[in-house]
Amino acid sequence: MRHSYRLFAVPLLLLITALAQAGGKPCEELKSEIAAKLDAKSVKAYTLDILPVDAENDQKEVGRCEGGTKKIVYQRK
């Protein structure tokens with residue numbers, strides 16, 4: 001049960017951190033920072049994708065970049 005909680009807590013923490021920092025940050029830079037944080041938490045088998053902010057999808061948003069025009073989404077494989 002504790003491991004399951006961690007799987008949800010990490011993306012939520014990343015979302016809060018990323019949204020607070022992202023502003024006008026380049027998407028590739030923010031994506032690399034998020035990936036480094038996930039790797040440091042030993043999260044395996046995931047993808048991070050950069051999409052337009054208005055794109056419909058079922059992935060969890062973990063950050064916004066380039067002035068809020070794009071978003072980074074997280075999905076476990």
Side-chain angles (χ1 to χ4, degrees):
M1 180 83 171
R2 184 176 177 193
H3 183 67
S4 296
Y5 172 74
R6 187 172 167 196
L7 292 177
F8 292 106
V10 170
L12 182 60
L13 177 62
L14 289 172
L15 172 63
I16 293 167
T17 303
L19 289 175
Q21 296 176 350
K25 187 174 282 200
C27 289
E28 288 300 328
E29 180 181 342
L30 182 59
K31 182 179 173 183
S32 294
E33 291 174 9
I34 294 169
K37 289 178 183 179
L38 288 169
D39 294 343
K41 298 282 186 184
S42 299
V43 177
K44 304 282 186 212
Y46 66 88
T47 60
L48 293 172
D49 297 308
I50 300 169
L51 303 173
V53 74
D54 58 352
E56 295 286 328
N57 65 47
D58 58 349
Q59 299 169 322
K60 181 176 215 87
E61 182 177 329
V62 293
R64 291 205 177 184
C65 48
E66 296 183 17
T69 61
K70 295 184 181 177
K71 61 185 174 182
I72 298 175
V73 293
Y74 164 91
Q75 181 175 8
R76 290 198 43 95
K77 290 183 182 180

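These figures come from a predicted structure and were not determined experimentally.
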(message) Measuring from atom CD1 of Ile34 to atom CD of Glu29, what distance do you get when rounded to the nearest 0.5 angstrom?
(response) 11.0 Å
(message) Within this structure, what is the CD-CD distance for the pair Glu28 and Glu66, rounded to the nearest 0.5 Å?
(response)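 Reported to 0.5 Å precision, the distance equals 8.5 Å.
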Atom of [X], atom of [Y] and distance for their closest heavy-atom approach:
X	Y	value
Thr47	Lys77	CG2-CE, 3.1 Å
Pro26	Cys65	C-CB, 4.3 Å
Ile50	Cys27	CD1-CB, 3.6 Å
Glu61	Lys71	OE1-CD, 3.6 Å

(message) Using the side chain to side chain donor-acceptor pair (under 3.5 Å) criterion, which residues pair with Gln75? Sequence neighbours excluded.
(response) Gln59
(message) Tell me every residue that passes side chain to side chain donor-acceptor pair (under 3.5 Å) with Asp39, counting only those two or more places apart in sequence or in another chain.
(response) Tyr46
(message) Please determine whether side-chain contact (heavy atoms from CB on, under 4.5 Å) holds for the pair Leu48 and Leu38, giving the CA-CA distance in whole Å, both sets of side-chain angles, and the decisive distance to 0.1 Å.
(response) CA-CA 10 Å; Leu48 293 172; Leu38 288 169; 4.2 Å; yes
(message) Would Val43 and Lys37 count as a side-chain contact (heavy atoms from CB on, under 4.5 Å) here? Give the steps.
(response) CA-CA 9 Å; Val43 177; Lys37 289 178 183 179; over 6 Å; no
(message) Suppose clustering is done on Ile, Leu, Val, Met, Phe, Trp and Tyr with side-chain heavy atoms closer than 4.5 Å. Which residues sit in the same group as Val73?
(response)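 Via sub-4.5 Å side-chain contacts, Val73 links to Leu51.
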(request) For the pair Lys70 and Leu30, evaluate side-chain contact (heavy atoms from CB on, under 4.5 Å) and give the outcome as yes or no after the intermediate values. (result) CA-CA 11 Å; Lys70 295 184 181 177; Leu30 182 59; over 6 Å; no
